[in-house]
Amino acid sequence: MPGDHYGADVLARNWRRPRAVPAVPADRDLVVEEVDTGFCGAVVRCDKMPGGWVVTLADRHDKHRTFPLGPGFLIDGKPVTLTPPSAPAAAKVPARTASGSVAVPRARARVARASRIYVEGRHDAELVEKVWGDDLRHEGVVVEYLEGVDDLPAIVAEFRPAPGRRLGVLVDHLVEGSKESRIAAAVRNPHVLVVGHPYIDIWQAVRPQVVRIDAWPDVPRGRPWKEGVIDALGWNCETHVAWKRILASVRTWTDLEPALLGRVEELIDFVTTGDAAEGAAED
């Protein structure tokens, strides 16, 4: 009797039972494809949010996308359910810095460049340090704060910008018609770059959801903005305490608004790649 080319009787099994989909921990560097969007990338982080776990993937162009953890992923074309990362993987040294760039293991801080980045205040400096600190130390870039930009032209003149000694300045509330925009326009030097974000204060550059509020409150003109925000949110605390609460909620670049992210990256590029280009030109 010829062999059975078709195997066992399919009706002998419970064909109504769905096929089991393997569960795979979302460990760092695991490459998966998200079914609905077709986005394929490596796991760069996994976070527990109020609504459940989410996984962040980075494709080969370093584009990041975040998806809910669970079913709906493929590995080598086969469906899987992603679960929270296993304990050993979660304990590894992060492969990326808080800014999303590739971390350099055991990298020593570079000797400080002559070039600098100036920001308006202490809170601005602390936020930049928290997200971009590893990158800045690797590049040898020092960030200093000014306590305001009213005297920016004089500050720039005192810095004495020159080839290999560039100055990048981050300004709050740099919008058309503002006092800050008029001050920034007075600075004209090829070795100085003044950029800004549209927010009244750096606090607003933190995404509201990260601080667990619906939106940053509107504060009437003439009232100190920070104090107005604290009152509107009912936090009942001093300004420095409120800032500690906000800063503690920030972990990576994904917690910040794009309008700030782009400007800081632009300044870092200006004082680093610019230095390299000017040094080569002098050689």
Side-chain angles (χ1 to χ4, degrees), residues 3-107 130-135 138 205-214 247-262 264-265:
D4 184 358
H5 298 292
Y6 300 100
D9 183 358
V10 295
L11 297 181
R13 300 176 305 192
N14 184 358
W15 58 273
R16 292 184 178 85
R17 181 188 300 169
R19 183 174 298 176
V21 175
V24 178
D27 291 340
R28 184 176 295 277
D29 298 330
L30 176 72
V31 177
V32 299
E33 178 183 349
E34 202 276 332
V35 173
D36 290 339
T37 63
F39 186 87
C40 183
V43 174
V44 294
R45 60 177 295 168
C46 201
D47 298 297
K48 189 175 183 180
M49 308 295 284
W53 283 84
V54 295
V55 61
T56 300
L57 307 180
D59 68 8
R60 61 189 182 90
H61 302 295
D62 206 30
K63 181 180 179 181
H64 289 59
R65 293 282 298 274
T66 299
F67 304 97
L69 211 62
F73 296 91
L74 302 176
I75 294 180
D76 296 331
K78 298 178 181 179
V80 299
T81 295
L82 290 186
T83 61
S86 54
K92 289 181 180 178
V93 175
R96 292 179 181 268
T97 67
S99 69
S101 63
V102 176
V104 180
R106 297 182 296 276
K130 183 159 189 180
V131 176
W132 287 274
D134 290 338
D135 307 65
H138 179 67
V206 178
R207 294 172 52 236
Q209 299 86 346
V210 174
V211 194
R212 298 190 178 184
I213 60 176
D214 294 331
L247 187 63
S249 68
V250 175
R251 291 173 296 177
T252 71
W253 62 276
T254 58
D255 296 329
L256 304 180
E257 296 287 1
L260 175 67
L261 294 171
V264 175
E265 297 287 351

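- For E33, the side-chain contact (heavy atoms from CB on, under 4.5 Å) partners two or more places apart in sequence, or in a different chain, are C40, L74.
- Not a single donor-acceptor pair under 3.5 Å links the side chain of R207 to the backbone N or O of L256.
- Minimum interatomic distance between K130 and L247 (heavy atoms only, all atoms of both residues): NZ-O, 2.7 Å.
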Could you list the donor-acceptor pairs under 3.5 angstrom formed between side-chain atoms of residues 50-57 and any protein atom two or more places apart in sequence or on another chain?
residue	atom	partner	partner atom	Å
T56	OG1	T66	OG1	3.2

Just do the side chain to side chain contact (heavy atoms under 4.5 Å, CB included) check on L30 and I75 with the steps written out, would you?
CA-CA 9 Å; L30 176 72; I75 294 180; 4.1 Å; yes
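- Summarising the geometry of V131 relative to D135, their closest heavy-atom pair is O-OD1, 4.2 Å, with the distance given to 0.1 Å.
- Put simply, the side chain of P71 does not reach to within 4.5 Å of the side chain of V21, judged on heavy atoms.
- Residues R65 and F39 approach most closely at CG-CE1, 3.4 Å, considering heavy atoms.
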Ignoring hydrogens and angles, write down the donor-acceptor pairs under 3.5 Å from the side chains of residues 77-85, residues two or more places apart or on other chains.
residue	atom	partner	partner atom	Å
T83	OG1	V24	O	3.4

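- Closest of all the heavy-atom pairs between V206 and S249 is CG1-OG, 4.4 Å.
- H64 is listed as a side-chain neighbour of V44, based on a closest heavy-atom distance under 4.5 Å.
- A 4.5 Å side-chain heavy-atom check between T37 and F67 finds at least one atom pair inside the cut-off.
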